[in-house]
Amino acid sequence: MPLEIIHISDTHIGPDHSLDIRGANSWERACALVEQINVLPFKPDLIVHTGDVVNDPDPAAYALAEEVLSGLELPVYYSAGNHDEVPMMRAALTFPEHQSLLPKSADRLCYRITHPSTEEYELFVIDGRVPPSEGAYGVVSLEQIEALANQISGEKPVAVFSHYPMLETGSKWIDEHLLITNREEVLKMLKDKAGNQLKGIFTGHLHRGLTLFRNGVLNSGVSSPACEFTAWPEGDFCDFISGGPIPFNHVTLTSDAAWVKSYSIPFGASS
Ligand SMILES: [Fe+2]
């Protein structure tokens, strides 16, 4: 059976309804995203949010995030982004059926999605956060690499969800500052264990859509409903674009393929 997933990311909800991110109200734009997903003309199986649920970790922000995202009429799974804190996420957000891969860790979100619709698949959420003072790149701990290696059978299609991308984008600023730094180690494990069952790595963080394919590995990224980043190939920085359409991806997994369809909602069109 195909597995139908809606991939969203980087909602950057604030502690009240007024947070303005470079001219865009993240609460209003998250509400529009939820409204549009709820009226899709088909029924997806689940939603994965690849992190930066809130703009700054704060119980009030997570309470608002739960208020809007629990309006999604589907199970919603979360990964942790560099703007998130896991204990607050666990306290405020609803996590559907899952199996923690680091059961002793209170501040890491590394788990296998075990929703009944995923029975024929192996879906994993990993947590690459480093202390914010170190930067906005990610590192996947050896413990997580080993935990995934122990879970991957090689007999079912595999998908991995991570806040941080794992393939170079060709944009200097992004590649230097925003990726998983030990990505070669993670990719080697995934290729060794899953082989051609690895259907894709799905990521956020870049605030822009992304399709990369290297050595048989797909990295598909979805942009942020809050604001987008520019990032030119040779630039040493990125700028912000606010007020554009609101993005989400529809990912279909099958036993032998992954389809990614990107959607943009003109802001205000759904109200
Ligand atoms: Fe973000």
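As the structure lists them, so they are numbered: ligands from 1, and atoms in each ligand from 1. One-based numbering along the sequence shown.
The ring-ring contact (aromatic ring centres under 6.0 Å, His included) test with His98 is passed by exactly one of Tyr111, Tyr78, Tyr77: Tyr111.
Side chain of Tyr62 to backbone of Val53: no donor-acceptor contact under 3.5 angstrom is found.
Ion pairing of Arg214 with Glu184 is present here, as a side-chain N (NZ or NE/NH1/NH2) and a carboxylate O approach within less than 4.0 Å. Look at Arg183 and Glu168 and you find a salt bridge, because one of the NZ, NE, NH1 or NH2 atoms lies within 4.0 Å of a carboxylate O, short of that distance.
Seen from the ring of Phe95, Arg90 does not count as a face-on cation partner, given the 6.0 Å and 45° thresholds.
Using a 3.5 Å distance cut-off with no hydrogens or angles, the side chains of His7 and Asn249 do not pair a donor with an acceptor.
If you look at the Fe ion (ligand 1), the protein N, O or S atoms less than 2.8 Å from it are Asp10 OD2, His12 NE2, Asp52 OD2, His207 NE2.
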